[in-house]
Structures are given as structure tokens and as C-alpha cells.
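What follows is a short report on a single structure.
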Amino acid sequence: MHQLISVIGSKGGTGKTSISHMLCHGLGLFGRQSISILTDAEREPLSRAGRHYITLDGRTPEQLEKILEKLSTMPNWIGVIDGGGNRPDMDRHLYELGGLVLLPFRDSQEDMRTVVRDLDRYPNALGVPSQWPTNSWQQMAAERTLDEVMQAYRPRLLEPVYSVSASKLLLQAEVPSHLPSILNNVSRGLARQVLDRLGLPYDPDNA
Ligand SMILES: Nc1ncnc2c1ncn2[C@@H]1O[C@H](COP(=O)(O)OP(=O)(O)OP(=O)(O)O)[C@@H](O)[C@H]1O
Ligand SMILES: [Mg+2]
């Protein structure tokens with residue numbers, strides 16, 4: 001069976017595109033085949049060169065439908081849909097399509113208040129702390145804000161995806177042949193959690 005993951009959310013700039021690429025990259029490091037599917041009309045498609053995964057352009061409904069049709073004939077492949085901000089109708093559609101739905105949010109009251117509304121709207125979706133601070137004081141402050149704003153939602157949160165400046169390398173038109181190990185580690189951490197949630201096995205020695 002193929003699997004489909006949607007990365008969505010009402011707010012712009014929360015890390016949807018970065019998380020969808022880091023996830024595909026991490027899946028590739030575990031030897032899993034995946035496709036990053038662009039649906040955001042504001043973004044240009046990225047080349048496949050140098051990636052551990054395929055990139056496809058699903059920016060029109062027709063393109064997206066074709067990709068999903070093809071994916072349904074590709075057993076064992078994982079599709080990861082990169083949503084766009086501020087598209088409630090499209091988000092609803094992608095929520096219904098996704099076997100797993102991820103809602104990234106950053107360490108701010110505003111992001112957290114928005115993701116709480118999305119978590120209520122999409123009861124099977126999971127929140128992903130994104131661009132999370134790596135400095136321990138900032139981490140403690142972020143945890144306090146989480147407790148204040150979304151304590152009740154903690155069981156629906158994945159472990160944080162930390163801020164890694166090298167994540168932007170995956171959003172370049174072409175990815176450099178060597179990527180920093182910190183980016184590989186954060187990507188693997190995300191992929192491992194997603195594979196666990198999907199009930200798919202992974203070989204830690206493969207990573
Ligand atoms: N884990 C991370 N570490 C460092 N920078 C990050 C991380 N995630 C995202 N960013 C940066 O934050 C900015 C917004 O991220 P991104 O484009 O992934 O968000 P988005 O939700 O896809 O935005 P949009 O709503 O415009 O589609 C970018 O500059 C990106 O490089
Ligand atoms: Mg984006």
C-alpha cells in the first residue's frame with residue numbers, strides 16, 4: 001500500500017515546505033522511496049537532482065489528481081504533500097486525502113493559537129513543533145508557552161523539528177552533494193516518528 005502524508009495549516013511560514021522536504025529526505029536516508037508533491041502556487045518546482053526523493057508538481061487540481069492516481073499504483077511509496085498557507089478549502093481537501101496529516105507551528109503564541117484552531121478543525125491531524133529552538137533557555141521558554149497555550153493538545157504533538165539553518169539547502173533548486181550531518185539527523189528524527197505513526201518498519205542501521 002502506498003501512503004499519503006499532508007503537511008498543511010492555516011498560517012503561512014510555519015515550515016510546511018521545509019518539513020515536507022526534510023521528511024522526504026529523512027525517509028530516503030532510511031531507504032524509503034518518497035515523492036514530495038508541491039501544491040503551493042506561490043512556489044516553483046524544485047529539481048530532483050541530488051535528492052534521496054522525487055519532486056513532482058501538483059499545483060493544479062489536474063496535476064495533483066494525476067500524481068495521486070499514479071501513486072496509487074506504486075506500492076511502498078510514500079507521498080508527502082506540501083500545502084500552502086491561507087487555503088482553508090484546499091487544506092480540508094488535503095486533510096481528507098492524507099493518511100497522516102501534519103500541522104507545523106513555531107514557537108510563538110500566535111502560531112500556537114492558530115494551530116490549536118487547526119487541531120480542533122482537523123481532529124486526526126498532529127501538530128509538529130517546527131524551527132524549534134536549540135538553545136536550552138529558549139527551549140524552556142518554548143515549553144512554558146506550550147503549557148500555557150496548548151497543554152491539552154500535547155498527546156497530539158510530534159517531537160520538535162529543531163531549527164537547522166542547513167534546512168534551506170533542501171529548498172534550493174539543486175541540492176549540494178554533501179549535506180551537514182545535523183540536517184540528516186533532524187530529518188531522520190522526523191522520518192522515524194512518521195514511520196512509527198504509519199506503523200511502517202525501518203532499519204536503524206540503514207540510516
Ligand atoms: N527547521 C528549520 N530550521 C531553520 N529554518 C527553518 C526551519 N523550517 C523552516 N525554516 C525557515 O523558515 C522559513 C519559512 O519556512 P517554509 O517556507 O518551510 O514555511 P511554509 O509554511 O512552507 O511557508 P508558506 O506558508 O509560505 O508556504 C524559511 O525561510 C525556512 O528556511
Ligand atoms: Mg511553503
Side-chain angles (χ1 to χ4, degrees), residues 5-27 29 34-47 51 53 55-60 63-64 79-95 98 100-108 110-119 121-122 125-136 138-139 142-143 146 157-176 179-194:
I5 298 161
S6 296
V7 186
I8 59 171
S10 308
K11 199 166 178 299
T14 55
K16 295 176 289 297
T17 302
S18 304
I19 279 184
S20 57
H21 282 266
M22 279 192 266
L23 174 56
C24 286
H25 179 63
L27 289 169
L29 294 175
S34 71
I35 307 178
S36 168
I37 305 164
L38 175 69
T39 67
D40 185 350
E42 305 298 315
R43 287 242 176 200
E44 288 301 310
L46 301 174
S47 146
R51 295 178 200 273
Y53 54 96
T55 51
L56 289 177
D57 182 358
R59 287 177 297 171
T60 68
Q63 285 170 320
L64 181 60
V80 180
I81 299 184
D82 172 19
N86 279 311
R87 298 190 305 177
D89 293 344
M90 185 65 175
D91 272 6
R92 168 64 55 189
H93 180 55
L94 297 179
Y95 173 67
L100 185 70
V101 178
L102 303 180
L103 297 166
F105 64 96
R106 288 167 306 178
D107 163 29
S108 79
E110 196 199 353
D111 267 37
M112 290 186 202
R113 279 197 298 267
T114 311
V115 83
V116 160
R117 281 198 297 275
D118 284 344
L119 286 163
R121 196 174 289 142
Y122 306 122
L126 300 171
V128 188
S130 154
Q131 261 174 278
W132 214 244
T134 51
N135 161 301
S136 57
Q138 287 174 357
Q139 259 171 27
E143 288 296 320
L146 266 182
L157 302 186
L158 295 188
E159 294 298 315
V161 171
Y162 291 104
S163 181
V164 193
S165 72
S167 62
K168 57 180 173 285
L169 298 175
L170 293 177
L171 308 189
Q172 287 182 182
E174 288 196 22
V175 172
L179 292 170
S181 54
I182 178 76
L183 174 61
N184 293 340
N185 291 341
V186 171
S187 302
R188 264 194 291 261
L190 174 61
R192 194 181 293 124
Q193 295 186 74
V194 164

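Atoms within each ligand, like the ligands themselves, are counted from 1 in listed order. Everything numeric here is computed off the predicted structure, so don't read it as measured data.
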Separation of Met112 CE from Lys11 NZ (nearest 0.5 Å): 11.5 Å
Within the side chain of [X], is there an N or O that forms a donor-acceptor pair under 3.5 Å with the backbone of [Y]?
X: Gln139; Y: Pro133; answer: yes
X: Asp107; Y: Trp132; answer: no
X: Thr55; Y: Leu46; answer: yes
X: Ser130; Y: Thr14; answer: yes
X: Arg43; Y: Gly84; answer: no

4.5 Å side-chain heavy-atom contact, Leu146 and Leu157: yes
Electrostatic pair Asp89:Arg92 at N-O distance under 4.0 angstrom: no
Neighbouring residues of ligand 1, heavy-atom cut-off under 4.0 Å: Gly12, Gly13, Thr14, Gly15, Lys16, Thr17, Ser18, Met22, Asp40, Arg43, Gly85, Gln131, Tyr162, Ser163, Val164, Ser167
Proximal protein heteroatoms (N, O or S) of the Mg ion (ligand 2), under 2.8 Å: Thr17 OG1
Partner of Thr39 by side chain to side chain donor-acceptor pair (under 3.5 Å), out of Arg87, Gln63, Arg59: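 Option passing the side chain to side chain donor-acceptor pair (under 3.5 Å) with Thr39: Arg87.
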